[in-house]
Amino acid sequence: MRLKKLEKNYRSRYFCALGTYTLVSDGKNLLGVWLLGQKHYPWEIIDETVENNELEIFKQTKKWLDEYFSGKKPKISQLKLKPQGSAFRQEVWKALCKIPYGTTTTYGEIAKTIASKRGVKAISAQAVGVAVGHNPISVIIPCHRVINANGGLGGYSGTLTNKIKLLELEGINF
């Protein structure tokens with residue numbers, strides 16, 4: 001993933017029981033939330049950012065995350081999100097935002113929903129899985145709520161242990 005070159009992108013850190021998250025913004029919108037060391041951690045993007053803990057979007061995001069990790073159910077719409085990716089990935093990430101707190105869905109169900117919206121016969125669940133795995137705004141865009149059709153956890157770029165912790169926080173036990 002490559003962020004569009006703007007004048008500047010900014011970063012801040014968020015610390016919680018799962019580890020250290022790096023937040024990235026264009027100054028107004030949240031572009032990314034990555035767990036340090038996760039699969040697909042965008043080191044090259046982070047290296048091009050300037051630390052700024054005073055941005056309002058970072059304050060709002062940290063408040064949102066504090067609420068989420070304390071067991072509350074903050075709404076995704078409280079934050080200005082601007083994940084960057086292909087049109088297909090954008091479509092998948094929008095579908096993720098519609099998965100209710102405390103519930104799960106499958107890669108196949110998301111594929112069926114997108115295929116129906118597009119008026120096509122089928123979309124690959126595997127392609128959906130790749131898009132889910134490249135979600136740049138983890139936790140907030142809830143990719144951890146997507147599981148395999150057989151009930152297995154599937155993958156999670158922030159480790160399966162953390163996926164289980166997030167699901168358990170939402171009342172889903174595995």
Side-chain angles (χ1 to χ4, degrees), residues 1-6 9-11 14 21-35 38-46 48-49 57-58 60-61 64-65 68 73-160 162-164 166-167 169-170 172 174:
M1 184 188 90
R2 194 87 189 129
L3 294 178
K4 291 179 185 172
K5 263 302 202 195
L6 301 172
N9 287 318
Y10 303 93
R11 75 176 175 277
Y14 177 80
Y21 283 91
T22 303
L23 314 177
V24 174
S25 171
D26 60 9
K28 295 180 181 180
N29 306 289
L30 190 63
L31 305 177
V33 176
W34 294 279
L35 183 63
Q38 78 174 50
K39 187 177 179 183
H40 310 299
Y41 187 85
W43 292 103
E44 70 285 352
I45 291 170
I46 305 304
E48 295 175 3
T49 61
I57 187 64
F58 289 150
Q60 292 168 353
T61 300
W64 192 101
L65 290 167
Y68 176 81
K73 302 174 187 177
K75 295 187 185 311
I76 296 169
S77 61
Q78 292 175 275
L79 299 172
K80 291 181 182 177
L81 306 182
K82 193 175 179 185
Q84 296 183 16
S86 69
F88 178 72
R89 287 184 179 181
Q90 295 283 342
E91 204 169 355
V92 170
W93 300 334
K94 283 179 185 173
L96 295 178
C97 290
K98 294 177 182 174
I99 306 168
Y101 181 98
T103 65
T104 60
T105 192
T106 66
Y107 301 97
E109 286 302 315
I110 293 171
K112 285 179 192 173
T113 299
I114 293 172
S116 175
K117 277 186 175 180
R118 289 183 170 191
V120 298
K121 186 175 180 179
I123 289 183
S124 163
Q126 196 171 25
V128 168
V130 171
V132 169
H134 285 84
N135 169 20
I137 304 180
S138 56
V139 179
I140 297 166
I141 296 179
C143 54
H144 59 278
R145 296 179 188 154
V146 184
I147 61 172
N148 291 335
N150 66 5
L153 287 174
Y156 188 64
S157 61
T159 76
L160 285 179
N162 285 339
K163 182 173 186 169
I164 292 168
L166 292 169
L167 293 171
L169 174 72
E170 295 186 19
I172 302 166
F174 274 88

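Side chains included, hydrogens not; waters and symmetry mates left out as well; all remaining heavy atoms used.
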Under a 4.5 Å cut-off applied to non-hydrogen side-chain atoms, are [X] and [Y] in contact?
X: T105; Y: T113; result: no
X: V128; Y: F88; result: yes
X: V92; Y: C143; result: no
X: I140; Y: Y68; result: no

Just verifying a value: how many Å separate [X] [atom1] and [Y] [atom2], rounded to the nearest 0.5 Å?
X: I46; Y: Y41; atom1: CD1; atom2: OH; result: 4.5 Å
X: K75; Y: W64; atom1: NZ; atom2: CH2; result: 11.5 Å
X: L31; Y: L81; atom1: CG; atom2: CG; result: 9.5 Å

If you take all heavy atoms of [X] and [Y], which pair is closest and at what distance?
X: A95; Y: I110; answer: CB-CG2, 4.0 Å
X: P83; Y: I141; answer: CG-CD1, 4.1 Å
X: Y156; Y: S138; answer: OH-CB, 4.3 Å

**Message:** Run the side-chain hydrogen bond (donor to acceptor under 3.5 Å, both in side chains) test on Q38 and Y21 for me, step by step, so that the C-alpha distance in whole Å, both residues' side-chain angles and the decisive distance to 0.1 Å come before the verdict.
**Reply:** CA-CA 10 Å; Q38 78 174 50; Y21 283 91; over 6 Å; no
**Asked** Would you call the rings of H134 and H40 parallel, tilted or perpendicular, where under 30° means parallel and over 60° means perpendicular?
**Response**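 H134 vs H40 ring planes: tilted.
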**Prompt:** Thinking salt bridges, do E91 and R118 make one under a 4.0 Å N-O criterion?
**Reply:** yes
